[in-house]
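Residue numbers begin at 1 in each chain, while the letters A, B, ... track the order of the sequences.
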Amino acid sequence: MFQYYLKLSWLSIKRTPMLSALMVIAIGLGISVSITVLTVDYLMSKDPLPGKSHKLFHVQLDTYNKGNTDSAPGGLPYQLTYQDLMNLSRSEIPSKQSRSLRSGFSVIPEKVGLTPFSRSARVIDNDFFEMFKVPFLFGSPWEDEVNNKAKKVVVIAKRLNDKLFDGENSVGKTINLDKQLFTIVGVIDTWEPTPRFYDVNNGAFSDTEQLFIPFSLIPVLELPSWGSNNAWKSEVFESYEDKLRSETMWLQYWVQLDTKAKQEEYREFLAGYVEQQRPLGRFEKEDAKTDIKDVVQWMENNRVVSDDNSVLVGLSFMFLAVCMLNTIALLLAKYLKRAPEVGVRRALGASKLEIFTQHIVDVGLIGLAGGALGLLLGQLGLLGVKSLYANYERLVNMDLTLIATAIGLAIGASIIAGLYPAWLICRTNPSIYLKTQ
Amino acid sequence: MLKMNNIKKVFRTDLVETHALRDFSLQVEEKEFVAVTGPSGSGKTTFLNITGMLETFDGGVYELDNEDVSKLNDKQRSRLRNEKIGFIFQSFNLIPDLNLFDNVDVPLRYRGFNAKERKQRIENALERVGLSARLKHLPSQLSGGQQQRVAIARALAGDPRFLLADEPTGNLDSLMARQVMQLLEEINQQGTTIIMVTHDSELARRAHRNIHIVDGQVSDYQDLQPVLDVAEA
Amino acid sequence: MLEIKPILSALLRHKSSTLLIVLQIALTLAVVVNAVYIISERLSLIDSKSGLPESEIFTLGMNAFGENPDLKYDIQADQELIRNMPGVVDAVVINATPLGRGGDNSSVAGTKEDYDNGNNVNVAFYRGDSHMLNSFGINLISGRNFTEEEIIYNRGYVDPKVAIITETVAKRLYPDGNALGSKIYFNNYEVTIIGIVDYAVSPWVHHPNHDMAIFNPLVHLDAFHRVLVRTEKGALKEVMGQIEEKLLERNPDRVVFAARTMAENRELSYQGDVAMSKILTVVIALLVTITALGIVGIVSFNISQRTKQIGTRRALGASKADIQRYFVTETIILTTLGLVIGTILAVTFNMHLVDSYQLPPIQWHYIPVGMITMLVTGILAVWVPAKRASSVSPAVATQSI
């Protein structure tokens, strides 16, 4: 019977090409706007490390004095001081951990024809690669001991490796960064998480760094911060050591806590740490808070999905609603026109349910066509969005989930739109249409 | 066998109540050919619609082959209509964008026959009305008389026991009307019970029995010819 | 003479299609009014002035390498080099640039008590030498510029003694107008206000106090620093084209990057607002089109359903214009009804936006403007089908079925 309904639907589309085209356009436009906006929203907010993100936590401490509160959501600062980072990293509770800083270097190439250029660098511990599932092309992260004993080693990104070494295995070679020679221990494959979830407060849509340097080099090389620095206390920095000893918040800290028990233990550890620091004149606030947030919570906390986006999602659904109201009106027109035929079918033995089903199939087919049109227009919409934002290249590509969502949304919305017209047509009295034509 | 006892049908609007049928009783036997006459608005068509279960009624009992119709739900009624009743209308009511084959196919689809059986039945039915050569034509390509013959083929394709005809010759010229009437008589002789609403008293006289409806009630019976098989049974 | 009563009763008989069109118009109005409002907010934001002669200014970043570079010497030599380039009005090595999206800010107050009580205001800080004001192209209203002796060259951060503030900061901290010579407090610092400038903006266009700034005579001796260059009119492109080469010629041990005109900085700063405005414009255009098509579709259908009725009216003496007026009046009634409901929806929707996204509440005049737009759209949409309806022949009335 389904095939028969499809055939009837096709015939009716052929008979009312204008009306059908209007419906397909209405649904298509509604879907294209919704799916364009949803694509951006979904890709911004989706879990970047499914299955693992809930075990990775960003650490926050409220080190402010009494008069100051951070403007970040929840009042807890995004970043940590160097001294806290050094103290916390001694804990054995996390199974893995990585301190983190955004810095940068001038790369001085040996290759003929290349002039020095600057590249941002991620300054981290070696667990970073495993925690965030960074794929390696050549080599591996540096040894554990480098986390504590500074050594000039570096992991570089494929793009940089292509530029400097023509894509060959450069492990063991050296690279000149700010006139210091670093030994390359690894080359990572293309890894461009978008949003850049491991550091969302320094530009969630910036490019991934192309240099990865041991965190232990910070005091040795006196690395500058290429990210934000927050200071609330008046401290005079005569030297780099002053900054390391200061209350300036400029570093990030990720820990891996595999079980609920470990997470609880770590929360208690942080609370204990605050108490332990108080006698030193730190953590002035009586209720100085500490917190750990997993990857998804951290992205939400940092408003990776902007307000503009949320407004657009709301608007796009209202737009879809208008398109659907439009479709309902057109369907009513189309089906009332077809009432005499329905009268004949009823007289020939079709039940109300069969008439209803026939029309729902009809709407579903139109919805499918609308969904296909919506996908096409949605691609145009995404091209448009890409052209409007500088850092959206990697972000706005539809995956299978989104394509399925678009088609599902189109068919679902159409069927909902079709319920009333189909119900109306199946329960009209057939006899009034049989006498005249 | 079709039996109606004290059927009532009232149409209501905000202002008026119209009694289309009042205490309407009638029994139609197997293989009868009954003509129903009466003035405009007397309730002829309402009677036919209730007979075909296209309309509900407000009182009384209607049994079709000993089954109380008012106790059936829509699905059961539709099934019953599909199996036992064929309809023919004044304005043919062919579906304009289906070709002849597909028009005759409609009731068979709802019956749930397989493709082979449907094809067989459609070809037989169209052959019975003499139109087997035009399967792929659209209704608009046919004359009125041909269209009505297709409608008859559609009504017959499912082998119904009852054929309900509402002014079947009303839109046809006299020559075509005669042909259609002849066809109906043949069908009746082959065993299908026919109830035909008509204005045309000459046509009505060719039936076995005439029922005259006035103001929603049977005012007159007239047995014109005995029903052969019934007499023997 | 408008036949409102018969139209109303006809509309009531076609409840569902009437309701649908009314709802559609209502929702459209709600979306359009709010979207237009958001667009106009963004456009005024994009147009907001920076106080700088933007067409004469560009910025760049510099990162020095080399073993223990003498940064103080380098910075002074670079400034001198750029300032002496033909076509350059002035230049300054600075921690941040207006609309540059990176920099320093801090909360400040007029008194220590205010600061401690949280009665403070967050302001952007610019740090450089006495050429900052001239390079920005802004003017002192009162007080004086920094002297050479006041400039502190330091690696890290040392507390400065004096500051120049914008008039906006002066008015906020000292509403009585006695800012000059008074102090600015932030935490334990105490800085004397020696000058007030007419206008300057922060590096962040969405900062709540974007139109406020404080200048300190402090030059950071960092390997990484920014440079702001002001050129003579029309000389910008030429200077920008030569500057990297000149700088590297003097000292090759650094990388010069991200040379951007103020126009480019502006574009990057307002990228999200421009995008939002464009997306909303497309949405509005599509929405109004869809609604207009909906009206065309429904009216056409109504007319096809009422062909006989129209013919009868024509036979009874209605002129073509009467028939057109009938359908136009019908649409006006429907649209008006939709607009009344739409106004309620629009305000509700706006209240939600204000609550959830801290948008300012809508200004009332957007609603009548939106209503008139929708009404005109409705009338335009009904025109074609109404025209067709009026051409129904009176003969239709007498044709039997």
(message) Around atom NZ of A/K52, are there more than 12 heavy atoms from other residues, nucleotides or ligands closer than 6.0 Å?
(response)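 Yes, the 6.0 Å shell around NZ holds more than 12 heavy atoms from other groups.
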
(message) Are there over 12 heavy-atom neighbours, none belonging to A/Q3, within less than 6.0 Å of that residue's CD?
(response)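 No - once you tally the heavy atoms of other residues, nucleotides and ligands closer than 6.0 Å, there are 12 at most.
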
(request) Calculate, to the nearest 0.5 Å, the distance between atoms CD and OG belonging to B/Q76 and A/S351 respectively. (result)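 Between atom CD of B/Q76 and atom OG of A/S351 there are 11.0 Å.
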
(request) Mind checking the CD1-CZ spacing from B/I95 to A/R15? Nearest 0.5 Å is all I need. (result)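 With rounding to 0.5 Å, CD1 (B/I95) is 8.5 Å from CZ (A/R15).
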
(request) Grab the two heavy atoms, one from A/A347 and one from B/F87, that are nearest each other, plus how far apart they are. (result)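 Nearest heavy atoms, A/A347 then B/F87: O-CD1, 3.4 Å.
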
(request) Determine, step by step, whether A/Y4 and B/D102 satisfy the side-chain contact (heavy atoms from CB on, under 4.5 Å) criterion, reporting the C-alpha distance in whole Å, the side-chain angles of both residues, the deciding distance to 0.1 Å, and the verdict. (result) CA-CA 11 Å; A/Y4 183 55; B/D102 286 335; over 6 Å; no

(request) Could you tell me which portion of B/L48 (side chain, backbone, both or neither) has an atom closer than 4.5 angstrom to a non-hydrogen atom of chain A? (result)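 No part of it gets close to chain A.
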
(message) Given heavy-atom pairs under 4.5 angstrom as the criterion, report whether the side chain, backbone, both or neither of B/E167 touches chain A.
(response)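 When you check distances to chain A, only side chain atoms of B/E167 fall under 4.5 Å.
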
(request) Can you spot which of A/R346, A/R427, A/K352 makes a side-chain hydrogen bond (donor to acceptor under 3.5 Å, both in side chains) with B/D74? (result)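 Testing each of A/R346, A/R427, A/K352 against B/D74, the sole residue satisfying side-chain hydrogen bond (donor to acceptor under 3.5 Å, both in side chains) is A/R346.
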
(request) Without swapping roles, check the side chain of B/N93 against the backbone of A/V344 for a donor-acceptor pair under 3.5 Å. (result)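 A pair under 3.5 Å: no.
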
(message) Does A/K14 form a side-chain contact (heavy atoms from CB on, under 4.5 Å) with B/D97? I'd like the steps, not just the answer.
(response) CA-CA 9 Å; A/K14 276 205 304 198; B/D97 27 54; over 6 Å; no

(request) Just give me the residue among A/M1, A/R345, A/E341 that pairs up with chain B most often, heavy atom to heavy atom, under 4.5 Å. (result)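 Ranked by heavy-atom pairs under 4.5 Å with chain B, first place is A/R345.
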
(request) Check the pair B/D166 / A/L434 against side-chain contact (heavy atoms from CB on, under 4.5 Å), numbers first and verdict last. (result) CA-CA 9 Å; B/D166 191 355; A/L434 296 171; over 6 Å; no

(message) For the interface with chain A, which of B/M53, B/E55, B/R109 has the highest count of heavy-atom pairs at distances below 4.5 Å?
(response)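 The option with the most such pairs is B/R109.
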
